[in-house]
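Structure first, commentary second.
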Amino acid sequence: MRNSYTYLRLFAVGILLSILNSCSQNPGQPHPADRVHSIPEAYPLPDSLRNPNGFERDRMTLGQKLFFDKRLSADGSISCASCHKARYAFGDSSSFSRGMAGYATRRNTPPLFNLFRQIRFFRDGGVARLSEVALSPMNEAHELNLPIDTLVRRLRTLPEYVREFDKIYNRLPDPFTITQALMGYQLSLLSASSRYDQYRYQSDSTALSPAALRGMRLFFSDATHCRSCHTGPDFTDGLFHRNGLTDAGRPDTGRARISMSWGDYARFRTPSLRNLSFSAPYMHDGRFNTIPEVLEHYNRMYQKMEPITLQSDLPQIGRELSVEELRDLSAFLEHLNDSIFVNTPADPTQ
Ligand code: HEC
Ligand code: HEC
């Protein structure tokens with residue numbers, strides 16, 4: 001008798017806990033881990049993201065809450081999501097984002113997706129681990145301006161966070177658990193549900209328009225050599241190159257800032273070409289507003305009309321493309337847009 005009473009009590013506590021638990025996430029909003037369901041089985045993904053366990057799922061929800069929480073900035077005015085906006089593929093629509101008190105960032109905010117495959121972070125590869133990236137905007141006076149030790153003290157005064165860190169990590173918020181939770185959420189930002197992915201990973205030969213098919217052949221051909229840097233499942237080799245930009249206006253040492261080698265001056269990490277229609281403007285300083293402008297840049301480089309102040313890594317064998325070919329190339333790039341990715345509700349407070 002006593003035993004069954006105890007069970008009943010445990011059961012009631014269980015229900016109460018699960019109600020409390022579901023309060024931390026907006027009901028009706030998809031769980032971040034569920035993004036994976038729209039991604040073709042054949043797209044290469046680590047097992048922990050294809051089938052995340054309960055711990056991973058909880059960590060993602062907590063990281064999501066932190067990512068969107070403006071209490072992560074000194075004056076409570078901005079969050080990670082103020083610069084990494086879901087509708088712009090977790091990038092920004094202006095060349096330079098605004099941090100605390102309206103200060104502009106020094107580089108264009110990169111979109112965030114498929115970060116599990118990335119081996120170095122920032123456009124110059126200055127940070128080697130995803131978990132450590134968050135420390136940088138926290139420390140930066142022009143961004144969140146709330147160093148991690150101050151943030152730890154702040155989160156420890158907020159019962160909702162104390163409860164959730166305790167549930168998931170069995171300890172108080174600290175630098176390790178905060179950065180791990182943020183990393184967990186960012187790893188859930190998976191994007192591979194484009195028309196190209198249907199074509200490539202689901203063998204749907206009708207998913208690309210005739211123009212996009214012609215553009216794809218050009219992209220992978222010796223006429224353009226785009227594939228020599230934009231390669232692999234996410235269209236990047238993860239390495240640092242000069243793609244023929246002049247350093248007019250705002251000189252940026254690029255990779256040389258990290259490697260201390262002048263040979264790396266103004267080399268930047270090859271960006272992915274997924275979701276371009278959402279993540280304009282382009283390049284490390286957002287100097288181009290449209291895809292046709294970018295393609296024109298490459299075309300001028302291939303014609304060698306651009307006044308070259310920096311020796312580029314572009315292959316010398318590319319040829320000038322016709323207006324029709326440029327249009328086809330644009331059509332191909334547009335088929336790399338994943339509208340499911342940008343339209344999935346992401347802000348847990350809305
Ligand atoms: C004020 C705007 C701003 C805020 C706030 C901000 N970021 Fe960023 N983020 C940037 C910019 C700009 C870069 C590129 C820096 C560079 O390349 O030097 C960047 C880079 C990154 C990268 C590397 C992406 C890549 O492709 O290399 C990650 C990951 C990231 N931020 C996550 C976060 C997280 C997590 C937060 C919150 C803790 C955050 N950011 C807050 C502007 C911002
Ligand atoms: C030598 C390596 C290399 C080759 C070849 C190359 N790219 Fe790039 N591409 C880059 C690098 C590096 C950047 C980023 C430069 C920066 O951040 O300033 C870039 C940027 C871009 C961007 C802007 C993406 C963004 O998010 O800002 C597009 C679009 C693009 N390339 C398309 C192409 C196409 C199409 C071709 C073939 C015509 C091509 N690239 C050939 C290295 C290359």
Side-chain angles (χ1 to χ4, degrees), residues 25 28-64 67 84 86-91 110-121 129-131 180-217 219-220 226-227 229-238 270-279 331-346 348:
Q25 204 192 335
Q29 207 186 61
H31 189 280
D34 294 340
R35 287 183 186 280
V36 78
H37 299 324
S38 60
I39 295 185
E41 284 293 328
Y43 173 82
L45 269 185
D47 206 34
S48 60
L49 292 175
R50 183 67 72 184
N51 296 303
N53 62 20
F55 167 74
E56 287 292 346
R57 290 176 65 91
D58 284 349
R59 183 168 91 146
M60 287 173 189
T61 320
L62 176 56
Q64 179 187 35
F67 193 89
H84 298 282
R87 65 182 178 286
Y88 303 130
F90 292 87
L112 305 180
F113 49 80
N114 304 346
L115 294 170
F116 68 92
R117 189 169 281 120
Q118 211 160 298
I119 39 174
R120 295 203 160 269
F121 300 89
R129 287 167 206 262
L130 180 55
S131 58
Q180 288 288 308
L182 277 166
M183 176 178 75
Y185 176 59
Q186 292 175 86
L187 288 174
S188 79
L189 304 178
L190 297 173
S191 174
S193 315
S194 66
R195 302 266 292 274
Y196 170 78
D197 294 299
Q198 287 169 24
Y199 171 88
R200 169 79 174 74
Y201 297 108
Q202 292 177 317
S203 310
D204 177 355
S205 57
T206 62
L208 295 188
S209 69
L213 270 174
R214 289 193 301 270
M216 181 180 73
R217 282 188 213 110
F219 184 90
F220 289 110
C226 306
R227 65 164 196 276
C229 302
H230 297 285
T231 181
D234 292 324
F235 298 88
T236 165
D237 57 4
T270 310
S272 167
L273 298 182
R274 291 180 175 278
N275 296 317
L276 288 174
S277 296
F278 311 117
S279 63
F332 171 60
L333 294 175
E334 279 161 24
H335 281 63
L336 297 175
N337 294 333
D338 177 352
S339 47
I340 299 179
F341 178 66
V342 292
N343 289 322
T344 306

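The CZ atom of F67 lies 14.5 Å from the CE atom of M183; values are rounded to the nearest 0.5 Å. Atom CE of M216 sits about 6.0 Å away from atom CG of L208, to the nearest 0.5 Å. Residue L273 holds its CG atom at 8.0 Å from SG of C226, rounded to the nearest 0.5 Å. Here the straight-line distance linking atom OG of S191 with atom CG of L112 works out to 11.5 Å at 0.5 Å rounding. To the nearest 0.5 angstrom, N343 atom CG is 11.5 Å from R87 atom CZ. Atom CZ in R195 sits 7.0 Å away from atom OG in S209 (nearest 0.5 Å).
In this structure the side chain of N275 never reaches within 4.5 angstrom of the side chain of L336, judged on heavy atoms. Contact check for L49 versus V36: no side-chain heavy atoms found under the 4.5 Å cut-off. Two residues are said to be in side-chain contact when any heavy atoms from C-beta on lie closer than 4.5 Å; P32 and R57 fail this criterion. Side-chain contact between Q29 and Q64 is present, with at least one heavy-atom pair separated by less than 4.5 Å. Side-chain contact between V342 and Y88: absent, with no pair of heavy atoms (C-beta onward) separated by less than 4.5 Å. P233 is listed as a side-chain neighbour of Y201, based on a closest heavy-atom distance under 4.5 Å.
Between the side chain of S279 and the main chain of P111, no donor-acceptor pair closer than 3.5 Å is present. Counting only distance, with no hydrogens or angles, the side chain of H31 and the backbone of D58 share no donor-acceptor pair below 3.5 Å. Here the side chain of R214 pairs no donor or acceptor atom with the backbone of A331 at under 3.5 angstrom. Side chain of T236 to backbone of G232: no donor-acceptor contact under 3.5 angstrom is found.
Between H84 and P110, the shortest heavy-atom contact is ND1-O, 3.4 Å. For Y185 against G63, the heavy-atom pair with the smallest separation is CB-C, 3.5 Å. Considering every non-hydrogen atom in both S188 and M60, the closest pair reads CB-SD, 3.6 Å. Here the closest non-hydrogen pair linking S193 and I39 is OG-CG1, 3.9 Å. Shortest non-hydrogen contact noted between H335 and A207 is CD2-O, 3.6 Å. Here the closest non-hydrogen pair linking L190 and L45 is CD2-CD2, 3.9 Å.
Applying the salt bridge (charged side-chain N to carboxylate O under 4.0 Å, His left out) criterion to R50, with sequence neighbours excluded, gives no partner residue. Residues that satisfy the salt bridge (charged side-chain N to carboxylate O under 4.0 Å, His left out) test with R59, not counting sequence neighbours, are E56. Here R129 pairs with E132 under the salt bridge (charged side-chain N to carboxylate O under 4.0 Å, His left out) rule; sequence neighbours left out.
With ring centers used as reference points, F235 lies under 6.0 Å from Y196.
Using a 30° and 60° split on the angle between ring planes, F90 and F341 fall in the tilted class, from 30° to 60°.
Of the residues D237, D234, T231, the one that meets the side-chain contact (heavy atoms from CB on, under 4.5 Å) test with T270 is D237.
Using a 3.5 Å distance cut-off with no hydrogens or angles, the side chains of D197 and S194 do pair a donor with an acceptor.
Within 6.0 Å of OH on Y199 lie no more than 12 heavy atoms contributed by other residues, nucleotides or ligands.
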